[in-house]
Amino acid sequence: MAAPRSGRRPTSPRAVAAGVAHPARRARTLMLGVLIVLSLFAAQLVRLQGLDAASVSAAALGQRLTTKAIPAARGSITDVDGEQLAVSVERRRIIADPTLVVDYKRTEKGPDGETEVVGEGFTAAADVIAEITGADATELTRRLTEPLGEQYTILVADASPQQWQEIKAAGIRGVDVEEFMRRDYPLGEAAAPLLGWIGSGDMPAGGLELVNDEALTGQPGEAVYEVGRDGEIITTGVYEEDPAQPGQDLRLTLDADLQWRAYDALRTRVEEAGAVSGYAAVMDIETGELRALTSYPSFDPSDTTQSAEAMRNAAIEDVYEPGSTSKLITAAAALEQGIAEVDTPIEVPVTMSRGGSRFKDVEPHPTWYLTFAGVLAKSSNMGTILYGEKLSDQQLYDWMRRFGIGEPTGLGLPGESPGLVPEPSTWSATTRYTFMFGQGLSGTMLQQLGVFQAVANDGVMVPPSIIAGTVDEDGRYTEAEQAGGERVISPETSQTLTDIMQSIPSTEGTAPLAAIPGYHVAGKTSTASRVDPDTGRYEGGVTSSFMGFAPADDPKYAVAVVVQRPTRISEYGGVIAGPVFSDLMRYALQRDGIAPATTPPTQVEIEFDPDEKVPGQENVTLGDLAIKDERTDG
């Protein structure tokens, strides 16, 4: 019998849809894909953190690093005692990125202690900066908004470091600062033409700033640091600094107080006299060092918008016909050549003719019976011609050049003029005669002052100097090399001229207003005709000057005062320039503690009696021996 069958039906394989993976297989595939991705991430992480960590870190750091120049302080210019004449001051330029400033919100604590917004955007930022710096808030707002989209604008061109700290504390995103050095000049206009100025682009323009630029200029430094997304410095980040090296300080021979006094006195006199300009100088006789050198009108050295034409140093650039101060050279030449002595009698006529022209003195007078000393003391043009014409043309020319007329003084300042001394071959029929009393040639004030310095210094001329030395950043002082002196006349001639010139600033001479009570003063006046540049004729008014030195018995200082074209008070040098000379010389002497004289000044004979008999010659009078006008040529 057959075995019974089971009651369960046999199962058949389940159908699987085409294109669908088996679940287990799919799971395995997904797991494999995840593992592959994770392995790639792991490999990249290993590369970044291990193999490329340094380069990635450096790239990130490079994006955060900022390099900023550190301006170098320009060396200071000081007077002989260390007083500041030009100094660099640390300043800040407030700048902004308006695209960041627009989001600024100004907050304050209200009465209830809660912080509340009191202003937003450009207007609020402008108000904060205006309150701190004093700038105009409306103008600041305009700079932030015009034109739209700009990422750089200057808000305040010149602010103090303290003001910047207050602005920074306000937390205005997008406001930053640029550091710079501003050049300040404490004496302002009083020393501006001499010192020069720093123009736009921090470039020196004129004066000592220009000629000493290399020594004064420092070496800028550099700072490297990390900044955050909003431009703030990351205080815990990298910071490296190569500090700036300041320039050398320049020490001058000037005395700041005397410089200011000279400028103030000169300015006052030019304005009182209705003149166009003036110059003044104070020189140490033994060394040639200038204690003051100034001119008026001057200019504001802090105004960098001025033109160079208005910022010139007239005291060394202007040339003029010196007039009677130049008679000192003719007198020195006559003494040195043995043509005259201090008491040589000279008969000065009312007028006289030379070279086809009629000559006369400034003031009409009858026939004068003057000694050689008297001719110089009374500043007689005709008397000067009478003894001066005994010198040849070449001798006259050579003596002018010997005293430095016609060449720069060697002071080394830009624009200094050499003057003009025409050679004898170019002279007209009258040039040799006008030459003797300082017309027909031109020079600068310093050239003329050098003549008086030489006479006061026993006949040895020392070139003027203005730089005493330099001081480096460690405080080491290096004295400037000074030029040596050169003898131009003998000590005897020097003493004779000094004795004669003591009579000029007196009641007997042409400049009583130049006298200084208690001190012996030697000096000379000048009232020289000016050439009108438009016509080329002597129609431009006069140049009024007084130059001299004191104490006459032991000279310390020489002072020059020149006023161009006075139109009020007077034209005469003794009246216009004499009082300024007296004021400056008195101040300099008393400042140095130089005591007044205890003996009377040296007296020389100014006049002679033409009928007086010559000792030892019964039939000869002084009038017979006098130099006189014996020529009849027209």
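The analysis underlying the following values was restricted to heavy atoms, covering all of them including side chains, and did not include hydrogens, waters or symmetry mates.
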Q) About how many Å separate OG1 of T287 and CG of L290, when rounded to the nearest 0.5 Å? A) 8.5 Å
Q: Take Q259 and D79, measure what side-chain contact (heavy atoms from CB on, under 4.5 Å) needs, and give me the verdict at the end.
A: CA-CA 10 Å; Q259 177 75 13; D79 82 343; over 6 Å; no
Q: Please confirm whether the backbone N or O of G469 pairs with a side-chain atom of R251, one donor and one acceptor, at under 3.5 Å?
A: no
Q.
Would the distance check show the side chain of D472 and the main-chain N or O of D474 forming a donor-acceptor pair, the cut-off being under 3.5 Å?
A. yes
Q: Go through the steps for D213 and R74 under the test salt bridge (Lys or Arg N to Asp or Glu O under 4.0 Å), then give the verdict.
A: CA-CA 9 Å; D213 183 50; R74 189 173 178 83; 2.9 Å; yes
Q | Partners meeting side chain to side chain contact (heavy atoms under 4.5 Å, CB included) with E189 (sequence neighbours left out) | A | Y263, S298
Q: Using atom types as modelled and distance alone, determine if a side-chain donor or acceptor of R565 lies under 3.5 Å from a backbone N or O of G540.
A: no
Q: Any side-chain hydrogen bond (donor to acceptor under 3.5 Å, both in side chains) involving residues 126-135? Give me the pairs, sequence neighbours left out, ordered by first then second residue.
A: R106-E131
Q: Dump the intermediate steps for side-chain contact (heavy atoms from CB on, under 4.5 Å) on V562 and M547, then the final yes or no.
A: CA-CA 8 Å; V562 181; M547 300 185 186; 3.9 Å; yes
Q) Taking the side chain from S442 and the backbone from L420, do they hold a donor-acceptor pair closer than 3.5 Å? A) yes
Q. Is any side-chain heavy atom of D583 less than 4.5 Å from a side-chain heavy atom of R261?
A. yes
(Q) Please check: side-chain N/O of D81 versus main-chain N/O of E83, any donor-acceptor pairing under 3.5 Å? (A) no
Q. Stepwise, does the side-chain contact (heavy atoms from CB on, under 4.5 Å) test hold for V156 with I167?
A. CA-CA 11 Å; V156 182; I167 294 172; 5.7 Å; no
Q: Measure from the side-chain N and O atoms of S544 to the backbone N and O of E571, and report whether any donor-acceptor pair falls under 3.5 Å.
A: yes
Q | Spatial distance of atom OG1 (T325) from atom CE (M445) [nearest 0.5 Å] | A | 11.5 Å
Q) Have R291 and T253 got a donor and an acceptor in their side chains that come within less than 3.5 Å? A) no
Q) How long is the gap from CG on D318 to OG on S295, to the nearest 0.5 Å? A) 8.0 Å
Q: Check whether the side chains of T543 and Q564 place a donor and an acceptor atom closer than 3.5 Å, and report yes or no.
A: yes
Q.
Please evaluate residues R267 and E271 with respect to the criterion salt bridge (Lys or Arg N to Asp or Glu O under 4.0 Å), reporting the C-alpha separation (whole Å), side-chain torsions for both, the decisive distance (0.1 Å), and the verdict.
A. CA-CA 6 Å; R267 174 182 58 187; E271 292 176 351; 5.2 Å; no
Q.
Show, in sequence, the C-alpha distance, side-chain angles and deciding distance for E179 and W164, and conclude whether the side-chain contact (heavy atoms from CB on, under 4.5 Å) test is met.
A. CA-CA 10 Å; E179 298 179 3; W164 163 240; over 6 Å; no
Q. Considering the options D264, V563, L266, which one meets the side-chain contact (heavy atoms from CB on, under 4.5 Å) requirement together with Y296?
A. L266
Q. Listed by chain and number, what are the side chain to side chain contact (heavy atoms under 4.5 Å, CB included) partners of Q447, not counting sequence neighbours?
A. I405, T409, T444
Q: Name all residues meeting the side chain to side chain contact (heavy atoms under 4.5 Å, CB included) criterion together with N212; count only those two or more places apart in sequence or in a different chain, and write none if there are none.
A: L208, L216, L250, I467
Q) Measuring from T115:OG1 to K109:NZ, what's the distance to the nearest 0.5 Å? A) 6.0 Å
Q) So, Q453 side chain and V462 main chain: donor-acceptor pair closer than 3.5 Å or not? A) yes
Q) Got a sec, which residues hit side chain to side chain contact (heavy atoms under 4.5 Å, CB included) with E214, two or more places apart in sequence or on another chain? A) none
(Q) Has R269 got a side-chain atom pairing as donor or acceptor with A577's backbone, closer than 3.5 angstrom? (A) no
**Q.** Note, V542 side chain near P566 side chain (heavy atom, < 4.5 Å)
**A.** yes
Q.
Rounded at 0.5 Å granularity, tell me how far CG in L210 sits from CG in L195.
A. 12.5 Å
(Q) As an exercise, state the distance from OH of Y185 to CG of D300, rounded to the nearest 0.5 Å. (A) 10.5 Å
Which pairs of donor and acceptor atoms, one on a side chain in residues 92-105, lie under 3.5 Å apart (sequence neighbours left out)?
residue : atom : partner : partner atom : Å
R92     : NH1  : E90     : OE2          : 3.0
R92     : NH2  : E90     : OE2          : 2.6
R93     : NH1  : E178    : OE1          : 3.2
D97     : OD1  : T99     : N            : 3.1
D97     : OD1  : T99     : OG1          : 2.5
D97     : OD2  : T99     : OG1          : 3.3

Q. Any donor and acceptor pair, going by atom type alone, linking the side chain of T141 with main-chain N or O of A126 inside 3.5 Å?
A. no
Q) Just by distance, do the side chain of E317 and the backbone of N313 share a donor-acceptor pair under 3.5 Å? A) yes
